[in-house]
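Report on the structure given below.
Per chain, numbering begins at 1; letters A, B, ... match sequence-line order.
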There are 2 protein chains.
Amino acid sequence: MQNARTFFMEKFRSDCPISCSLDVFGDKWSLLIIRDIMLRDKVSYSEFLGSEEKIASNILVNRLNVLEAEKILVKEVSPANKSKFVYSLTQKGLDLLPIVIEIMDWGAKYNANCPRKEIGKKIKKDKAAVIKELSRSLKSKIR
Amino acid sequence: MQNARTFFMEKFRSDCPISCSLDVFGDKWSLLIIRDIMLRDKVSYSEFLGSEEKIASNILVNRLNVLEAEKILVKEVSPANKSKFVYSLTQKGLDLLPIVIEIMDWGAKYNANCPRKEIGKKIKKDKAAVIKELSRSLKSKIR
DNA sequence: ATTTGTTGTTGCAAAACGCAAGAACCAAAT
DNA sequence: ATTTGGTTCTTGCGTTTTGCAACAACAAAT
């Protein structure tokens with residue numbers, strides 16, 4: 001049995017909250033999965049696998065497992081299809097929404113090749129309102 | 001000579017602004033360098049190298065080069081010490097501030113081992129005010 | 001000339017990633 | 001019972017990235 005400090009040290013580089021966050025989702029894929037759930041109504045492995053960025057299946061499994069272990073996502077058998085799993089956000093996962101929105105806004109602002117769609121224009125006009133609205137509609141789906 | 005589309009494809013996985021952003025700073029180190037500049041008044045290679053997370057020197061050089069190439073940072077000879085370089089944020093780099101603040105807030109909220117310091121408590125109380133205030137004070141230093 | 005401070009490089013081992021193929025599992029259809 | 005189709009997950013293998021340690025390059029100060 002290891003104490004809390006040992007556990008912490010094995011997992012995190014420092015006690016800086018930014019560093020700790022990046023230890024969890026600081027990679028090129030994790031937040032894209034979160035995006036798919038938050039903004040594209042995707043919920044299953046096969047839907048994530050189909051996204052345009054073409055994540056490899058082994059990487060996807062690994063990231064889903066990490067996000068589940070971190071209690072950002074919850075995995076359940078689909079009510080509609082018993083041979084399928086669906087992933088839902090937890091409150092902790094939903095709280096990533098402001099980060100995702102800010103990243104989207106920055107990316108749209110500085111990439112001519114990333115045309116703002118409806119959501120992007122709304123963000124540019126009133127970011128707080130978009131976060132509030134989305135947060136409200138996602139709230140009803142959290143586990 | 002390649003056209004813009006080819007250039008874009010070689011660099012980015014898709015035209016999603018979130019994906020494009022992660023293509024630039026989606027790793028465990030880039031935003032820690034930005035944090036050091038924004039919140040800890042660090043400006044030089046040796047100062048970044050000294051941070052508690054202990055980045056390797058080759059990784060640091062690589063990330064600084066990427067951030068400079070992306071026009072997030074600007075590298076100049078130090079006015080005070082001619083054998084030293086200092087890195088400054090550009091407007092594009094400064095615009096990462098809301099992302100950094102949101103990540104810090106999330107990390108502090110969900111890690112018992114990341115006690116909120118003064119800045120963290122301010123963020124919890126009034127996030128927008130902190131961003132506004134910091135943005136204002138950093139604005140005078142951008143290149 | 002030597003020392004000191006700062007930035008950057010190199011070699012090598014370990015870890016993570018990307019890709020392709022296919023295995024495991026389950027449910028529904030035949 | 002067997003097959004089919006859909007979904008999830010694993011494996012092998014080559015590539016890329018990372019981490020680590022030592023050290024090289026350079027300029028300024030002594």
Specify the separation, in whole Å, of atom [atom1] of [X] and atom [atom2] of [N].
X: A/Leu60; N: D/dC9; atom1: CG; atom2: C1'; value: 10 Å
X: B/Tyr45; N: C/dT6; atom1: OH; atom2: P; value: 12 Å
X: A/Lys42; N: D/dT8; atom1: NZ; atom2: P; value: 13 Å
X: A/Glu53; N: C/dC19; atom1: CD; atom2: P; value: 13 Å
X: B/Asn81; N: C/dT4; atom1: CG; atom2: C1'; value: 12 Å
X: B/Ile33; N: C/dT7; atom1: CD1; atom2: P; value: 13 Å
X: A/Arg13; N: D/dG19; atom1: CZ; atom2: P; value: 8 Å
X: A/Ile55; N: C/dG18; atom1: CD1; atom2: P; value: 8 Å

Next item on the list: Verify the distance criterion only: is there a donor paired with an acceptor across the side chains of B/Asp27 and B/Ser30 at less than 3.5 Å?
Entry: yes
Margin query: Hydrogens and angles aside, do A/Lys42 and A/Ser51 bring a side-chain donor and acceptor to less than 3.5 Å of each other?
Written below: yes
Check: Taking NZ, NE, NH1 and NH2 as the nitrogens, is one of them in B/Arg13 or B/Asp23 under 4.0 Å from a carboxylate oxygen of the other?
Finding: yes
Check: Is the shortest side-chain N to carboxylate O distance from B/Asp95 to A/Lys109 below 4.0 Å?
Finding: yes
Notebook entry, point to check: Does NZ or CZ of B/Lys75 come closer than 6.0 Å to the centre of the six-membered ring of B/Phe85, within 45° of the ring's axis?
Noted result: yes
Tell me what [X] touches on the nucleic acid: a base, only sugar-phosphate, or nothing, going by heavy atoms under 4.0 Å.
X: B/Ser57; answer: base
X: B/Ser46; answer: sugar-phosphate
X: B/Asn58; answer: base
X: B/Asn62; answer: nothing
X: B/Lys75; answer: sugar-phosphate

Notebook entry, point to check: Given that A/Asn65 and A/Ser83 both sit by DNA chain D, which one's nearest nucleotide is further toward the 5' end?
Noted result: A/Ser83
Next item on the list: Kindly point out which of D/dT8, C/dG18, D/dG19 is positioned nearest to the side chain of A/Phe85?
Entry: D/dT8
Checklist line | Distance below 4.0 Å between B/Arg63 side-chain N/O and D/dG19 OP1 or OP2 | finding: no
Check: Would you say A/Trp29 reaches C/dG18's phosphate, i.e. side-chain N/O to OP1/OP2 under 4.0 Å?
Finding: yes
Check: Closer to the 5' end of DNA chain C via nearest nucleotide, is it A/Ile59 or A/Lys82?
Finding: A/Ile59
